[in-house]
Amino acid sequence: MKLQQITKSNNDILEHCVEKLARINQSDYALGFLVDDELNTHNVNLESRVVIAPDMLFEPIKNQLTKDLTDYFMDKDCMVTPYFYDKAIDQVDDGLLSNKYIDNLRYIPIGESENIYAIIVLVNIALSFHSQKLIDVNPFLLATITLLKNQKKRLTLPPCGLVENKLNTSSDNQSKLILESLLTNTFHPAFIFNDEFKVLKSNLAAQSLFNSNLERGWPSIEKLVNRTLPSIAFRLLTVITKFFFLGHLEKQQWSNVKLVLNEHQSIHVDIHLFDVNYLNSHCFGLMINEKTEVSINQEIYNASVQRFNALTSVVPMAILQTDKNFNCSYSNQTWAKYTGQNEEQSLEQGWLSSINNLNANELQLEIIRSISHSNNYKGEIELVSLVERNLWVSINVVGLFNDRFEVTGFIFTMMDISAERTHSKKLQKMANYDHLTGLSNRAFFTDRLTFALARVPRHGISALMFLDLDRFKNINDTLGHHVGDLVIQEVAKRLKSVVRDEDSIARLGGDEFAIIFTDLMTESVIAPIANKIVSAVNLPFKIEGKSMVLSCSVGVAIATEHNVQPSDILRKADLALYEAKDAGRNQFCFYEAGFEKDLSLLNYLTTDLNNLTQSGFSFVLQPLMQAQTKNIMGFEVLARWSNAELGVISPDIFILAMEENGLIQAFSEWLFYQVIVQVKSWIEQDLLVHPQKISLNLSVKQLHLVEFSDSVIALFKKEKIDPSWFTLEVTETAFIQDPTIAGENLRKLKEAGFLIALDDFGTGYSSLGLLRQMPLNYIKIDKSFVMDILRDNEAEKIVLAIIGLGKMLELGLVAEGVEDIETKDWLIEQGCLCHQGYYFHKPLAQSNACELLKQYKVSKH
Ligand code: C2E
Ligand code: CA
Ligand code: CA
């Protein structure tokens with residue numbers, strides 16, 4: 001075989017020709033294969049007028065067809081002679097194409113004597129003209145493969161035909177050759193003529209229809225058309241004339257036209273006109289399609305049903321056809337094999353009895369829904385077999401539609417997938433275990449929990465324990481994951497040794513374990529078990545020669561009543577675990593109803609924070625007074641939250657909750673903005689005057705954010721308000737936990753003009769060193785001492801010490817929690833003159849604070 005390069009232009013030519021030829025022939029299928037010297041086929045799947053997009057072809061079948069075609073043609077030295085099989089002419093003895101609906105098949109090898117470079121397969125099936133609504137192409141192609149195989153066995157191929165004109169390699173000549181070859185093999189009379197209406201090429205069918213041939217000389221197409229197609233001659237010729245103005249053919253097809261053969265004979269035909277490039281010039285093709293029968297709808301329908309039956313009988317899958325109400329009209333052999341139902345039993349609604357455990361109604365609804373969306377339903381169902389074991393099938397349903405695109409029925413195909421399912425069950429089982437410890441994993445654990453809860457209270461009570469290793473992350477981080485894994489394995493072993501066999505332990509991931517206890521007679525047994533677990537984990541570990549001591553925290557929740565939901569007990573155990581950790585770890589904790597509050601608090605908090613404008617957040621202002629002169633030195637801003645359902649919540653609680661849940665920064669940004677708006681208006685009204693200050697509380701968490709000071713400074717800048725109107729109150733803790741970031745933040749803030757106050761002084765470390773390091777302006781003596789100075793000697797001593805310290809460090813002093821005149825006077829005596837407390841004012845609503853400032857302004861003038 002000669003070397004034959006497959007080029008893009010080859011491909012294009014072939015594609016062009018096949019497309020044209022398929023259209024002319026009205027072939028139901030047209031497939032073109034380019035073949036290279038390696039005998040690889042390059043499948044150019046082409047669509048004929050009615051065919052199905054290539055991507056609808058089932059891949060394995062497509063590949064098989066390609067292979068068989070190659071086998072069939074490629075072991076011959078030469079196969080230029082086409083093979084044509086026509087039902088009407090050929091007597092086929094071996095039941096080839098047992099389906100009688102295939103009219104004819106044509107395999108057209110294209111090439112020169114020693115060389116094949118393409119194969120085209122054209123397939124016409126009976127009633128092709130009406131077969132637009134072909135059901136499924138795949139069974140049909142399957143039949144084609146069978147045919148091809150059998151033909152290969154049967155036929156002795158004809159010897160090589162001599163090709164009249166040797167090909168040169170130019171693509172024009174290739175194109176001419178292909179076109180001629182295709183024309184020769186067309187089933188219908190066809191001509192190629194030029195713009196002078198001269199016939200350049202005709203095929204055998206045309207010659208026999210008009211009893212003429214080139215040797216005898218064709219009349220011009222103009223004459224031929226005028227004589228034989230009088231009803232459309234004028235229009236047809238005008239179309240051709242207009243082509244040269246328009247650049248395209250206007251009308252290409254005329255149906256049911258009378259063709260006058262002679263004075264006595266006429267037939268009805270369809271006429272197709274097309275343009276074609278022949279011998280490098282623009283030419284036209286005329287194709288005549290004899291109408292052998294007029295469509296009779298019912299007959300066509302019946303025939304197509306029969307065709308469908310024939311094709312589906314060879315396919316190894318169950319196939320059912322139903323109408324739109326799921327009345328079965330057809331079932332194939334495989335269905336009978338799968339279910340044991342014969343065709344009669346399956347008819348109408350009979351087939352539905354083979355569908356197991358599924359609400360058939362639901363399935364039908366589901367199918368209708370899917371078909372209306374995507375014309376396809378896919379699923380898996382179990383079929384009941386009358387004779388053998390039941391089997392699982394994958395089910396695929398497509399809709400059948402009428403001309404108006406209304407669903408008229410469905411085609412079901414089903415494939416036995418029982419084997420796959422057994423396999424996947426095994427996999428599923430494997431998936432239920434944690435590989436590291438051999439314990440159940442989360443998936444299996446959830447099943448077990450449901451099971452355990454269902455046994456309550458008939459078999460006793462059930463308990464759920466959540467266990468979490470304390471500071472396990474440190475082990476992973478410092479000793480590596482493999483040590484972490486060994487620790488987890490060891491913990492699993494210890495847990496197993498503590499609990500009974502019937503209790504199930506699961507590893508939920510990382511260092512989290514859960515244990516389910518069932519059928520317990522009394523609650524009192526649980527605490528000792530929990531205790532044992534905590535102690536077992538507490539025993540020293542020896543891992544890779546290293547000793548280490550671990551601890552764990554355990555949360556316990558108990559189900560004593562019927563109908564406890566898994567999600568409910570899971571939440572409770574989780575809350576209890578959280579509580580155990582909070583209480584210092586290395587212990588267990590039973591769930592208590594009180595734990596729930598935190599959770600709901602957080603819910604409410606998040607909801608309100610998501611809608612700050614309508615939430616119950618606000619702030620009040622508590623005046624700071626010069627105790628002797630009663631001058632207003634400023635206000636401290638205190639946040640308030642009054643939730644629609646929870647009522648008023650103390651800032652001690654909600655600020656902590658915000659801090660713990662990362663919500664504080666967002667809240668504080670909102671609050672600062674509100675305060676700025678208020679302060680600006682006071683400044684404008686001359687109600688707030690220097691050196692009065694507004695104090696804002698900062699949370700420890702905020703001071704640990706690297707960007708914190710920048711964001712505050714940016715906000716005040718944006719709002720065009722001078723930071724020197726404000727004092728920021730911070731606590732020592734911020735500084736102790738992370739002196740670098742907190743210190744940096746404070747320094748920047750102080751530089752920007754804010755004053756810094758140390759809040760709650762005396763309650764923390766009260767370290768002198770710290771006081772020196774922090775960029776402070778003054779300290780606030782905590783109210784717990786202030787309120788006690790007159791009753792408690794210790795408190796008095798502490799306050800005196802703080803006052804001394806402040807003076808020594810040249811820091812300003814504020815006493816908070818001044819509730820009575822005696823305390824006020826005592827503080828004045830000690831030289832602490834700035835007071836904040838109920839004695840002067842309780843925290844005031846904004847309007848009241850405003851009122852106070854107004855009166856104060858008046859009193860000053
Ligand atoms: P704090 O900063 O020490 O605020 C002073 C608290 O003492 C306020 O409680 C105030 O109402 C109260 N107080 C003032 N004078 C007296 C008095 O004479 N007697 C008594 N018994 N109490 C007095 P409040 O408003 O409940 O605030 C509690 C804490 O909540 C504040 O303590 C502060 O740590 C925090 N907080 C309030 N608002 C904010 C805020 O906007 N941001 C941050 N981060 N924390 C805030
Ligand atoms: Ca404060
Ligand atoms: Ca305070």
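In this chain, numbering begins with 1 at the start of the sequence shown. All ligand and atom numbering here is 1-based and tracks the order in the structure.
Considering I653, I655, V648, L605 as possible partners of W641, the one that fulfils the side-chain contact (heavy atoms from CB on, under 4.5 Å) test is L605.
Considering CZ of F754 and CG of L698, their distance stands at 9.0 Å, rounded to 0.5 Å.
Within ligand 1, the atoms closer than 4.0 Å to a non-hydrogen atom of P843 are 11 (O), numbered from 1 in the order shown. Atoms of ligand 1 lying under 4.0 Å from at least one heavy atom of G837, given by number and element, are 15 (N), 18 (O). Near L638, meaning under 4.0 Å from one of its heavy atoms, ligand 1 places the atoms 4 (O), 8 (C), 10 (C), 11 (O), 25 (O), 37 (C), 38 (N). Residue L698 approaches ligand 1 through these ligand atoms, each under 4.0 Å from one of its heavy atoms: 44 (N). Contact atoms of ligand 1 toward R640: 25 (O) (distance under 4.0 Å to a heavy atom of the residue). Residue E816 approaches ligand 1 through these ligand atoms, each under 4.0 Å from one of its heavy atoms: 3 (O).
Between the side chains of S668 and Q702, a donor-acceptor pair is found at a separation under 3.5 Å.
The part of D759 lying near ligand 1 is the side chain, judged by heavy-atom distances below 4.0 Å. If you look at E636 next to ligand 1, the close heavy atoms, those under 4.0 Å, all belong to the side chain. Neither the backbone nor the side chain of I664 comes within 4.0 Å of ligand 1, counting heavy atoms alone.
The heavy atom nearest to atom 16 (C) of ligand 1, out of those in F667, W641, Y838, is found in Y838. Summarising the contacts of atom 29 (C) of ligand 1 with V637, D652, V620, the nearest heavy atom is found in D652. Relative to atom 46 (C) of ligand 1, the option among L656, N697, V700, L671 with the closest non-hydrogen atom is N697.
By the 4.0 Å heavy-atom criterion, E659 is excluded from the residues contacting ligand 1. Look at K842 and you'll find every heavy atom at least 4.0 Å from all atoms of ligand 1. Within the structure, the closest approach of G817 to ligand 1 falls below 4.0 Å when heavy atoms are considered.
Salt-bridge formation is not detected for the pair D468/R585: no Lys NZ or Arg NE/NH1/NH2 atom is positioned less than 4.0 Å from an Asp or Glu carboxylate oxygen. Under a 4.0 Å N-O distance rule, the pair D760/K780 does not qualify as a salt bridge. Here K701 does not pair with E660 in a salt bridge; the nearest charged N to carboxylate O distance is not below 4.0 Å.
Using bins of under 30°, 30° to 60° and over 60° for the plane-to-plane angle, the ring pair W725/H690 lands in the parallel bin. The aromatic rings of F716 and F726 sit perpendicular, their planes meeting at an angle over 60°, well past the 30° parallel limit.
Considering backbone and side-chain N/O atoms, Q836 never comes within less than 3.5 Å of an N/O atom of ligand 1. Note: no N/O pair closer than 3.5 Å links Y839 and ligand 1 by distance alone. Residue D760 has at least one N or O atom closer than 3.5 Å to an N or O atom of ligand 1. Considering both main-chain and side-chain atoms, Q702 never comes within under 3.5 Å of ligand 1 through any nitrogen or oxygen pair.
At least one donor-acceptor pair closer than 3.5 Å links the side chain of K680 to the backbone N or O of E719. The main-chain N or O of F785 is never found under 3.5 Å from a side-chain atom of D782 such that the two would form a donor-acceptor pair.
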Step by step, work out the salt bridge (Lys or Arg N to Asp or Glu O under 4.0 Å) result for R791 and D788.
CA-CA 5 Å; R791 290 174 289 275; D788 282 351; 3.6 Å; yes
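Rounded to 10°, the angle that OE1 of E729 and OE2 of E636 form at the Ca ion (ligand 2) is 80°. Vertex the Ca ion (ligand 2), arms ending at OD2 of D759 and OD1 of N697: the angle is 90° after rounding to 10 degrees.
In this structure the side chain of F445 never reaches within 4.5 angstrom of the side chain of I505, judged on heavy atoms. Residues L696 and E636 have side chains not in contact (no heavy-atom distance under 4.5 Å, counting atoms from C-beta outward).
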